[in-house]
2 protein chains.
Amino acid sequence: MNAKYPVRTTEKTLALVEQLMKRGSCGVTELANDLDMGKSAVHNHLTTLQEHGYVQKVGDEYQLSLKFLEVGGRIRKSMEFYQVAEPEVKSLAAETNELANILVEEQGMGVYLMRAKGKDAVDLDTYAGLRTCLHATALGKAILAHLPESRVEEIIEHRGLEQKTPKSIGTREELFQALNDIRERGYAIDDGERLEGLRCLGAPVKTSSGEVLGAISVSAPASRVSDEDLHGDLPEKVLSAANVIELNINY
Amino acid sequence: MNAKYPVRTTEKTLALVEQLMKRGSCGVTELANDLDMGKSAVHNHLTTLQEHGYVQKVGDEYQLSLKFLEVGGRIRKSMEFYQVAEPEVKSLAAETNELANILVEEQGMGVYLMRAKGKDAVDLDTYAGLRTCLHATALGKAILAHLPESRVEEIIEHRGLEQKTPKSIGTREELFQALNDIRERGYAIDDGERLEGLRCLGAPVKTSSGEVLGAISVSAPASRVSDEDLHGDLPEKVLSAANVIELNINY
DNA sequence: AACGGCGTTCTCTAGACCAGAACGCTTATT
DNA sequence: AATAAGCGTTCTGGTCTAGAGAACGCCGTT
C-alpha cells in the first residue's frame, strides 16, 4: 500500500535518516550530494532532527543519535510477547548452551526481538531489530505455518523467495509442503537454509484463539546437532519454552 | 542549540511519532485532536511513515513499528565501545551474579546501551536505550568525573540536578566534590541515590588519550553488598572489566 | 594572499502542506 | 429498517513554507 498523498518533506527527512544510517557520520555537503538536495535544505532538516534529539553533531559531522534505540526499546518493551518471552529465551539458551532467539512478523518480514547466548553459542550477527525474510529461517517458517494461507500468499508475492543458500526454499510448492510438515510436526527445522552449516529449530507461540504471536528458536552449528537431536531432545526443549510462554500469555 | 530554520513539516511528523509512542496504538481522529491538526494532515503523515516502514496499521489503528528498533540496533552495533564492551558486561554479570550495565553520554544524558543479568540479578527497568540523568547514577558520575569541567557545567546548567531519592546529589558543590573523589578513587559509588536500597558501582572507560567513552557498572540490592564489598571485591571486578575494554579498544 | 572547501545564513518564489468539506463505511441507537 | 454518529479516507484551493541559490565567515592548504 503506497501513500496516496505522501508528505514530501517528511520523505526527505526519512531519506536523510536512511543515508545517515548508511554513512554512519558525515557532513552536510556529502549528504546534499547523495540526496540531490541543496545544502541549506539538508542543513535545515538536520538541525530540526537535532533539536528533537534524533541527530547529533559530533565535531563538524552529523550522525544519528541513540534516540532511535530509546524509541525502539520502548516499543519492544511494550509488547506483551516480548515481556513474557524474554526470561524463557534466556533459560532456553542456558539449558541448551546454544543461541536462542525470538522473532515476530511485521510487514511480511521477520524481526528479531532479542537473543540470548548459552555458553557455547555461535556468534551470529542477529541483533535485536534485524529483519530477515521469513521463508529461510526456522523461526520464520514456524510463524508462516500458522498464518492464514492468504496472508502467506500475500507475503511471498510481496517479498519473493530469495535463496539464501542452495538449501533454501525456492518455490511456492516447496514452501507450502514445508509449512504442512511443520503444522503436523509442531516445530520448524532449518538445516543450513539461512546459513551453511547452521541448524536451527523453531516453535511458534500462539494465543488460545490460534493467532500466532511470534516464534522461539535455538541455533547451533551442524557439528553439534545430530539428526537425532533434531527430532528428539532439542524440539522438546524448544516446544516446552514455547509452551511456557503461551501459558503465561493466556493466563 | 535550537534550529534557526526549523522544518515545520518534519516537526509535525516527529510530534506524531512521540504521540504515537505515548499512546501505543491509536486512530487518526485521536491523534488529530491531541496535536491540533486536521485529520487529513495526520492521515497523510501516517501513510507516509507507513510507506517507509516506521508506522504500521493494525486493524484500524496505527502504531509505531519495530523499524525504530532496527535503526537503533544498527546504530548501537556500529559503536566500537558497544562491540568491545558487550562480552565484558556479560562476564561481569556472570562473575558477580548481579546486574551489569554499560552507559554512554549523549546530549547531557546517560543512555543505557545494554545490560546483562547474573543469576541473582535484581530486575530493574533499565532497557537498552533508556535515558537517565548522569548525576544520580554510578555510571553517570563515572563519566562526568572524566569530562572537561566546562562540559559538566554545561550539562548541569541544561539538565539540572533532579533529586531521585533523598540521598541524590542536589547541589553543584556536592557534585564536584563527588567527582573529585571518583577521580582519586578510580570508581564511582551510588548508594541509594537513584533508587532507595540499590547500590551500584561504576567505572569509566577511557581511550589512551583520556577521552571518556562510557562506563560499566554492577548494581545490587544493599542487603547483598556490605560496606567492605563496596571498597574491596566489587570495585576490583568492575575496574578489571573496564580495563579489559580499554585494552581492547586501544589495541 | 589567494584559493578551495566547509557549514551556515538569508531571501524569494515555486510548490506543497493541510483545513475543511464531502464521501463511503461500520457500528450504535431509535 | 431507518437513522445517526462515528470513523478513516479523498479531494481541492489558499496559505505558508520548504529549499535553491547566492553570499558569508571560517578554516586548512597552496
Side-chain angles (χ1 to χ4, degrees), chain A residues 1-65 106-107 148 150 154, chain B residues 1-65 106-107 150 154 209:
Chain A
M1 185 265 190
N2 44 353
K4 193 139 195 190
Y5 298 95
V7 183
R8 290 184 219 291
T9 308
T10 299
E11 293 193 313
K12 284 178 190 165
T13 299
L14 296 179
L16 232 149
V17 167
E18 299 277 329
Q19 195 62 30
L20 216 37
M21 181 161 55
K22 278 190 202 143
R23 291 248 183 207
S25 175
C26 72
V28 173
T29 309
E30 211 169 350
L31 287 169
N33 291 337
D34 287 351
L35 302 171
D36 261 311
M37 292 170 65
K39 286 196 294 172
S40 65
V42 170
H43 182 256
N44 291 344
H45 280 263
L46 286 175
T47 50
T48 305
L49 284 166
Q50 182 180 202
E51 187 159 355
H52 292 260
Y54 291 88
V55 157
Q56 61 179 335
K57 202 174 163 181
V58 174
D60 54 357
E61 300 214 306
Y62 288 92
Q63 60 183 237
L64 296 181
S65 86
E106 198 174 272
Q107 294 152 0
S150 60
E154 228 175 83
Chain B
M1 184 263 188
N2 44 355
K4 194 140 195 188
Y5 299 95
V7 182
R8 290 183 218 291
T9 310
T10 299
E11 293 192 312
K12 284 177 191 166
T13 300
L14 296 179
L16 233 149
V17 168
E18 299 278 328
Q19 195 61 32
L20 216 37
M21 182 161 55
K22 277 191 204 142
R23 290 248 183 208
S25 175
C26 72
V28 173
T29 308
E30 211 169 347
L31 286 169
N33 291 337
D34 288 350
L35 302 171
D36 262 311
M37 294 170 66
K39 286 195 294 172
S40 64
V42 170
H43 182 256
N44 291 344
H45 280 262
L46 285 174
T47 51
T48 305
L49 284 167
Q50 180 179 204
E51 186 159 357
H52 292 262
Y54 291 88
V55 156
Q56 62 180 332
K57 202 174 162 182
V58 174
D60 54 359
E61 299 215 307
Y62 288 92
Q63 59 183 239
L64 296 182
S65 87
E106 200 174 90
Q107 295 152 0
S150 61
E154 228 176 84
S209 60

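Each chain gets a letter, A, B and so on, in the order the sequences are listed, and its residues count up from 1. As the structure is a prediction and not an experimental result, all values here were calculated from the model. What's counted below: heavy atoms across the whole structure, side chains too, no hydrogens, waters or symmetry copies.
- Between A:L49 atom CG and D:dA18 atom P there is a gap of 13 Å when expressed in whole angstrom units.
- Distance NE2 (A:H43) to P (C:dG5): 20 Å, rounded to an integer number of Å.
- Rounded to a whole Å, the NZ atom of A:K4 is 5 Å from the P atom of D:dT10.
- Side-chain atoms of B:T29 lie closest to D:dC7 of the nucleotides C:dT8, D:dC11, D:dC7.
- Under a 3.5 Å cut-off, the side chain of B:S65 and the backbone N or O of B:G53 do form a donor-acceptor pair.
- Note: CG (B:N2) to P (C:dT8) measures 14 Å, nearest angstrom.
- What separates CG of A:D36 from C1' of D:dG21 is a distance of 15 Å, to the nearest Å.
- For the residue pair B:T10 and A:T48, no side-chain donor N or O sits within less than 3.5 Å of a side-chain acceptor on the partner.
- Picking from D:dG8, C:dG7, C:dC18 the nucleotide with the shortest atom distance to the side chain of B:V28 gives D:dG8.
- Distance CG (B:N44) to C1' (C:dA16): 11 Å, rounded to an integer number of Å.
- Between A:E61 and A:P6, the residue whose closest nucleotide on DNA chain C is further toward the 5' end is A:E61.
- Rounded to an integer number of Å, the gap from B:L31 CG to C:dA19 C1' is 17 Å.
- Distances shorter than 4.0 Å separate none of the side-chain N or O atoms of A:H45 from OP1 or OP2 on D:dA18.
- Looking at B:P6 and A:T47, their side chains never come closer than 4.5 Å, going by heavy atoms from C-beta outward.
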Checklist entry - Can B:L49 and B:L20 be said to form a side-chain contact (heavy atoms from CB on, under 4.5 Å), step by step? => result CA-CA 12 Å; B:L49 284 167; B:L20 216 37; 5.8 Å; no
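- In the set C:dA19, D:dG8, C:dC10, C:dC10 carries the atom at the smallest distance from any side-chain atom of B:Y5.
- At the heavy-atom level, A:K39 lies under 4.0 Å from base atoms of the strands shown.
- Residue-to-nucleotide contacts include a donor-acceptor pair under 3.5 Å from the side chain of A:S40 to the base of D:dG21.
- Rounded to whole Å, atom P of C:dG15 lies 11 Å from atom CZ of A:R8.
- In the interface, the side chain of A:T9 is not paired with the base of D:dG19 through any donor and acceptor atom under 3.5 Å apart.
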Checklist entry - Can A:R23 and A:D34 be said to form a salt bridge (charged side-chain N to carboxylate O under 4.0 Å, His left out), step by step? => result CA-CA 10 Å; A:R23 291 248 183 207; A:D34 287 351; 2.7 Å; yes
